[in-house]
Peer 1: 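Could you have a look at this structure, given as structure tokens, before my questions?
Every chain is numbered from 1 and lettered A, B, ... according to where its sequence line falls, protein lines coming before strand lines.
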Amino acid sequence: MKALDRKLLRDIQGLKWQIVTLGLLVACGVSIFVASWSAYISLRQARDHYYSENNFADLFSEIVRAPENLIAQIQKSPLIETVEGRVVIDGLIDIADQPEPAIGRFVSYSPHFRLNKIYLREGRLPQIGSPTEILVHESFASAHRLRPGDLLSVRIKGQQHSVQVSGIALSPEYVYALSPISPFPDDRHFGIFWVDHETLSRWSALGGSFNSLVAKKNPSASTEAAKKYLDELLATYGGTGSYDRSNQISSMFVEDEVRQQKSMAYVAPGVFIFVASFILYTVLSRLIELHRNQIAALKSLGYFSKTLVFHYWKLVTVILVAGIIPALIMAEGIGQWYAKLYRDSFHFPHIDFSLTPQAVLIGLITAALPAWAFSGWALKSIFALQPAEAMRPPAPRSYSLQRWETWSPLHPSDTQLLLVLRNIALRPWRTFLSILGITAATAILINGSFWSDMIDFVIQRQFYESSREDMEVRFLHPRRLDALNELRRLPGVTMIEGTRSAGIRLQHNNITKNTAIVSLDRPEGLRRFLDIKDQTVFPPQGQVLLSQYFRKRFQLSAGDSVHLDLIDKSHRGFAVTVAGFVEDVVGASVYIRKKDLHHYLGETPHLDTVYLKVDPFQTRELYIRLRDYPEVAAVSIKKMLMQSFTKTLSGMILTLTIILVLFSICISGAVLFNMARINLSEKSWELASMRIMGFKEIEVFRILFLELGLYVIIALPPGLLLGYGLSYLNTRWIHTDTFNFPLVVEVETYALALVVIITVYFVTGIFLLQKVRKLDLTGALKARE
Amino acid sequence: MKNQAKYTARWIYTVLALAAVAAAWYLFKEDSVVVEVSSIERGVFEGSLQIDGVIRSRHKNTVTSYADGDLSRVEWKVGDTIEKDDIVAILAWDLKKPIRSPLAGVISKVYRESAGPIQRGAPIIDIIDPSAFEVVAKVLTTDAVRIPSGAQVEITGFGQEGASLPGKVAKISRAGFVELSALGIEEEKTEVRVDFLSPPPAPLGDNFHVELSIYLSRDENVLLLPVSALFKSRNSWAVYKIADGRARLTVVEIDKRNNELALIRSGLKEGDRVILFPSDQIIDGVSVKIRDYRESLPLQN
């Protein structure tokens with residue numbers, strides 16, 4: 001056995017570069033897989049543990065106002081296990097470290113509450129006393145470095161209250177803290193606060209009543225039955241319809257993330273493992289061909305076939321180990337990066353990333369099985385041979401006239417091309433797979449940088465094209481048009497526009513969706529709607545436009561009639577015709593002319609949202625003035641929103657792009673380099689002969705290099721297409737209910753892919769040239785003796 | 001033979017090299033920012049004040065009981081038209097005598113309906129004169145002083161889409177008052193009364209909602225600039241003008257501005273194109289690509 005082990009070491013020595021590149025490929029694939037799968041498992045575990053440990057409710061309902069004794073009645077129902085009524089109200093927070101106000105969501109809290117139990121990160125639970133003590137959600141606390149004991153000024157229903165932070169807390173209800181006004185998390189301008197139940201009821205003028213209900217249904221009861229029961233009971237109190245976890249904002253985002261992480265674990269790793277296995281097969285079959293004599297000799301010396309198989313199996317395993325060990329290290333790194341991203345946007349008490357044994361095991365199997373299977377296939381042919389026959393050199397490949405060469409239009413009159421074409425024709429599978437490898441590399445490149453194209457598009461559409469205001473101000477109640485004049489007079493306001501919006505429930509056949517109706521006064525104001533052709537659209541008189549979400553998700557089309565009910569039931573519902581769709585990236589809204597909305601709501605012109613364009617040098621003064629208005633419920637600053645959006649995403653996207661670009665360089669490099677090496681070794685005899693016949697090094701090199709060039713040329717166009725397709729699949733997989741991810745692939749992305757792949761090709765050329773120079777003429781020719 | 005060989009190889013290398021160079025050029029070339037533009041045109045600049053108003057009748061009469069007695073049931077309803085000398089109700093004290101309407105008009109309030117005893121001087125109904133309507137608006141005192149007497153007013157928003165009525169400021173009250181504003185702060189306001197220049201159409205009546213545009217100034221044949229192009233640069237107003245496909249920071253002087261337009265005093269000339277809503281991607285000298293988002297927009301009615 002010792003002899004074979006030495007042979008193994010020598011083989012490894014001889015194949016060191018091939019082993020490195022193959023190991024790298026295996027490492028790329030396995031690391032993404034293990035990291036994504038582990039992240040998926042970690043996230044799922046963190047979620048399940050948190051939800052059950054802190055008793056996360058599974059039914060939710062918002063009511064205008066319901067008496068507290070209703071809770072006792074619901075509690076008696078066999079459908080419901082636990083139910084609690086709370087007060088949830090939004091207010092404004094004045095905070096010393098920033099001039100602009102932040103929005104606070106105040107949730108009433110009582111030590112007796114058993115659902116959505118608060119996890120205390122720091123400090124203690126509030127105690128009754130003066131000033132009022134509150135708990136602050138971790139997201140806001142860390143954005144503002146709040147500590148227990150800090151004082152804040154909050155405004156609820158136009159009234160100012162002084163409060164003191166007693167602790168930093170988390171809740172399963174707000175794992176993902178999203179403000180009611182923006183579709184992106186903005187921790188500096190939105191926070192969640194817990195206030196003693198009695199105090200908050202008083203502040204919000206809801207004494208003895210509740211406006212938010214959370215419940216846990218009886219495990220044996222059906223969700224639909226429980227929802228129906230609650231809806232019927234709460235309808236008279238202005239119930240807006242109960243919903244389960246699948247529509248609870250925070251839970252929705254967590255589920256989306258879990259789902260996305262799972263799909264991430266399949267695609268890219270699949271490509272890597274496939275390419276690695278194929279190259280391994282090619283390298284190994286070539287190696288075995290070269291070792292034909294040795295194998296025959298060993299067999300004739302009495303070694304069993306299985307011993308020899310075991311020897312090559314060990315070689316394959318060495319390559320796998322060379323890939324898998326760095327893969328696990330890389331996976332740990334990628335996983336920690338994921339965990340950091342999670343900690344930034346998902347607030348779990350603990351989220352620990354660890355390589356789960358399950359993920360490692362699956363990773364090992366997915367890498368090893370195809371590799372072993374391919375190598376088994378490569379070994380099969382040699383071991384079928386009798387030793388005596390195997391000791392003879394293999395019959396030379398037929399380089400004779402091929403049938404296609406007689407077809408005159410194709411018949412190449414130049415020898416170089418003829419050599420290349422014959423080579424391709426003799427090994428169609430290898431050629432095909434090599435091209436496929438380069439195609440895959442190109443596609444991965446495009447897929448990597450497609451993310452930034454998409455984010456750029458979202459930013460352009462969301463923050464520049466469709467909203468041109470600097471600031472959005474929302475009122476507590478709809479106000480008369482005078483409010484517009486009032487704000488117009490404020491310092492620094494250059495343009496102003498008021499709109500009216502309302503919470504609605506859209507119904508079409510069996511589809512129901514709680515959403516908002518948004519109105520505009522004119523087509524080209526501070527806000528505008530853009531259609532699929534990137535042109536401004538405006539709802540025709542008496543009709544509405546819908547978000548593209550409804551077209552994609554529910555296949556609604558222009559001409560359909562939808563019924564809209566006001567969520568607060570302040571006016572009767574109405575039916576309208578859908579005139580078309582708006583290509584918005586966020587949310588699912590209904591868009592209408594302002595005048596029509598007033599008409600349907602049966603009111604004189606009112607507004608509840610104002611868009612402002614302001615002089616940036618006077619914003620500070622403007623914020624201070626806005627604080628004086630008790631009717632101002634929320635102020636959101638577009639620039640800040642955009643910053644928080646890009647800050648969260650750009651770092652993540654950039655890292656992802658860099659990783660994928662590196663990976664794709666690995667793939668294309670590995671394919672080209674290995675193909676060149678194998679060609680060189682296979683044809684070393686012919687090439688050496690050419691050298692002896694007087695051809696120059698460079699001409700020998702040219703033949704090899706030309707073949708690779710042809711591969712690259714053939715591989716690029718389908719690669720570009722495949723990249724587009726892969727990006728399309730990505731937008732489908734990561735699709736959520738809140739975002740309509742557009743499929744945008746810019747020309748720059750294709751250009752980058754071309755530059756990278758062609759550069760890799762030329763760099764491979766440099767390596768190849770060195771190899772050709774080192775070609776051992778006598779050694780190569782001796783092999784045939 | 002040798003030439004041919006070189007030919008094919010060259011062909012492959014050229015394609016690859018060209019693709020790489022073209023792609024690299026595309027990657028490193030200067031990016032144009034997509035912008036929307038508007039041309040500077042001459043036109044009419046109107047400074048105006050937009051405000052909510054309420055239609056009121058100038059003449060309101062309260063019909064009262066002229067003696068202590070028993071009033072018969074009042075059969076009139078709010079909104080009924082009443083002619084002069086129509087019987088409002090019958091008052092019985094020593095004898096039964098009708099109370100007659102002193103004028104023709106529309107009943108705006110019924111104080112009591114039931115029959116029963118009534119005191120002398122107690123109101124029975126209010127009658128308004130529908131031929132003498134005016135619009136009353138509560139205007140901030142600081143705005144009111146800017147309104148020239150007799151200013152032109154456009155009355156809209158009474159329900160008919162696109163319809164407007166001409167009006168004229170009749171009086172700006174000098175008796176101001178303090179009122180809680182729409183957004184909940186205290187403001188000093190005063191009443192501005194606007195006359196209809198043509199009689200309002202039939203359905204309009206007392207306490208009907210209208211919207212007013214009170215014209216403060218009118219300048220004809222002046223250079224107009226969309227406000228959306230304006231921004232503050234240091235201490236002056238500026239725009240980005242398009243010159244040779246590039247954005248050029250241009251300081252402008254403006255006289256007046258409203259929510260849509262600004263009146264240019266200097267800095268731009270007719271036909272200049274300026275960038276609307278310049279984003280932070282635009283800096284002086286950046287190359288721009290003009291785009292129109294309004295091609296498919298149907299004409300508004």
Side-chain angles (χ1 to χ4, degrees), chain A residues 158 412-417 464-465 468 475 479-489 494-497 522-524 528 530-531 533-538 540-541 595 604-605 613 615-617 628-632 702 706 709-710 712-713 716 747-748 750-755 758-759 761, chain B residues 1-9 12-13 15-17 19-27 31 34 36 49-52 138-140 142-143 157 161 181-185 187 209 211 227-228 230-232 234-235 257 259-260 276-277 279-281 291-298 300-301:
Chain A
S413 50
D414 108 51
T415 350
Q416 270 189 20
L417 191 64
Y464 291 114
E465 284 177 332
R468 281 108 49 106
F475 303 143
R479 309 314 298 177
R480 311 202 71 163
L481 297 188
D482 283 357
L484 218 53
N485 287 332
E486 248 180 291
L487 295 181
R488 200 199 307 274
R489 287 192 294 269
T494 53
M495 279 180 95
I496 186 164
E497 220 166 271
R522 52 191 180 131
E524 281 280 322
R528 63 174 167 190
L530 294 174
D531 67 4
K533 287 173 282 178
D534 294 339
Q535 291 290 319
T536 306
V537 276
F538 197 55
Q541 204 166 343
K595 283 209 168 67
T604 52
K613 194 170 179 297
D615 172 12
F617 297 103
D628 295 341
Y629 292 104
E631 266 299 324
V632 170
R702 255 191 212 144
L706 197 64
L710 206 59
V712 172
I713 286 190
L716 280 176
V747 183
E748 276 90 343
Y750 295 120
L752 180 72
L754 285 181
V755 169
I758 296 174
T759 311
Y761 166 65
Chain B
M1 189 72 182
K2 216 172 181 184
N3 282 342
Q4 275 172 338
K6 271 186 183 162
Y7 174 77
T8 321
I12 288 180
Y13 296 138
V15 168
L16 283 173
V21 168
W25 171 80
Y26 199 91
L27 278 181
D31 271 344
V34 174
E36 282 176 87
L49 192 68
Q50 317 293 328
I51 203 141
D52 279 342
K138 289 170 178 171
V139 179
L140 206 73
T142 48
D143 283 336
E161 191 76 26
S181 78
L183 294 182
I185 57 164
E187 286 185 327
H209 171 90
E211 285 157 34
V227 173
S228 54
L230 270 183
F231 56 93
K232 277 272 175 73
R234 293 206 183 82
N235 275 325
R257 64 186 167 95
N259 202 33
E260 303 210 342
L276 298 180
F277 297 102
S279 70
D280 47 13
Q281 297 160 313
R291 199 175 134 181
D292 192 0
Y293 288 86
R294 285 159 293 186
E295 282 160 11
S296 66
L297 202 63
Q300 293 307 306
N301 40 23

Peer 1: Please classify the contact of B:Leu140 with chain A as side chain, backbone, both or neither, using a heavy-atom distance under 4.5 Å.
Peer 2: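 Only the side chain of B:Leu140 comes within 4.5 Å of chain A.
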
Peer 1: By a 4.5 Å heavy-atom criterion (distance strictly below it), what part of A:Tyr761 contacts chain B: side chain, backbone, both, or neither?
Peer 2: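 For A:Tyr761, the contact with chain B is made by the side chain alone.
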
Peer 1: Can you see which heavy atom on A:Ile758 is nearest to which on B:Leu16, and at what distance?
Peer 2: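 That would be CD1-O, 3.3 Å.
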
Peer 1: Can any side-chain N or O of A:Glu486 pair as donor or acceptor with the backbone N or O of B:Ala182 at less than 3.5 Å?
Peer 2: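 Here the side-chain-to-backbone pair exists.
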
Peer 1: Contact between B:Gln50 and A:Leu484 at the side-chain level, heavy atoms closer than 4.5 Å - yes or no?
Peer 2: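 Not touching, per the 4.5 Å side-chain cut-off.
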
Peer 1: Verify side chain to side chain contact (heavy atoms under 4.5 Å, CB included) between A:Thr494 and B:Leu230, making sure each step is shown before the conclusion.
Peer 2: CA-CA 8 Å; A:Thr494 53; B:Leu230 270 183; over 6 Å; no

Peer 1: Nearest 0.5 angstrom please: A:Leu706 CG to B:Ile12 CD1, how far?
Peer 2: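 It comes to 4.0 Å.
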
Peer 1: Among A:Leu754, A:Thr759, A:Leu752, which has the most heavy-atom pairs under 4.5 Å with chain B?
Peer 2: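 Most heavy-atom pairs within the cutoff with chain B belong to A:Leu752.
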
Peer 1: Count the heavy atoms of every other residue, nucleotide or ligand shown that sit under 6.0 Å from NZ of A:Lys595, and state whether that count exceeds 12.
Peer 2: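 Counting neighbours around NZ of A:Lys595, 12 or fewer heavy atoms of other residues, nucleotides or ligands fall under 6.0 Å, so no.
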
Peer 1: Salt bridge check: are B:Lys138 and A:Asp482 linked by an N-O gap of less than 4.0 Å?
Peer 2: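 Looking at B:Lys138 and A:Asp482, the cut-off is not met.
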
Peer 1: Side chain, backbone, both or neither: which part of A:Asp534 has a non-hydrogen atom closer than 4.5 Å to chain B?
Peer 2: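 Both parts, backbone and side chain.
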
Peer 1: What's the shortest heavy-atom distance between A:Pro630 and B:Ile185, and which atoms?
Peer 2: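 Closest pair (atom of A:Pro630, atom of B:Ile185, distance): CD-CG2, 3.9 Å.
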
Peer 1: So, for A:Phe475 and B:Leu183, which heavy atoms are closest and what is the spacing to 0.1 Å?
Peer 2: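 The pair with the smallest heavy-atom distance is CE2-CD2, 3.4 Å.
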
Peer 1: Report the option among A:Gly158, A:Gly709, A:Pro616 that has the most heavy-atom pairs separated by less than 4.5 Å from atoms of chain B.
Peer 2: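 Sorted descending by pairs with chain B, the first entry is A:Gly709.
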
Peer 1: Any side-chain heavy-atom pair from B:Glu211 and A:Leu481 closer than 4.5 angstrom?
Peer 2: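 Side chain of B:Glu211 against side chain of A:Leu481, heavy atoms only: contact under 4.5 Å found.
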
Peer 1: Which atoms form the tightest heavy-atom contact between A:Ala751 and B:Ala23, and what is the distance?
Peer 2: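 Closest approach of A:Ala751 to B:Ala23, heavy atoms only: O-CB, 3.3 Å.
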
Peer 1: Pair A:Lys613, B:Val227 - check side chain to side chain contact (heavy atoms under 4.5 Å, CB included), show working.
Peer 2: CA-CA 10 Å; A:Lys613 194 170 179 297; B:Val227 173; over 6 Å; no

Peer 1: Heavy-atom pairs under 4.5 Å with chain B are the metric here; pick the option from A:Val632, A:Asp628, A:Thr604, A:Val747 that has the most.
Peer 2: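 Sorted descending by pairs with chain B, the first entry is A:Val747.
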
Peer 1: Among A:Glu524, A:Gln535, A:Glu465, which one satisfies side chain to side chain donor-acceptor pair (under 3.5 Å) with B:Tyr293?
Peer 2: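 Running side chain to side chain donor-acceptor pair (under 3.5 Å) over A:Glu524, A:Gln535, A:Glu465 with B:Tyr293 returns exactly one hit, A:Glu465.
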
Peer 1: Within the structure provided, determine whether A:Pro605 and B:His209 are in side-chain contact (heavy-atom separation under 4.5 Å).
Peer 2: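 Of all side-chain heavy-atom pairs linking B:His209 with A:Pro605, at least one is under 4.5 Å.
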
Peer 1: Between A:Arg528 and B:Glu36 (salt bridge meaning N to carboxylate O under 4.0 Å), is one present in this structure?
Peer 2: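 Counted as a salt bridge, because a side-chain N and a carboxylate O are separated by less than 4.0 Å.
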
Peer 1: Answer yes or no: is there a side-chain heavy-atom contact under 4.5 Å between B:Leu276 and A:Arg468?
Peer 2: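 No; the side chains remain at least 4.5 Å from each other.
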
Peer 1: Tell me, for A:Tyr629 versus chain B, whether the close heavy atoms (under 4.5 Å) come from the side chain, the backbone, both or neither.
Peer 2: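 Both parts, backbone and side chain.
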
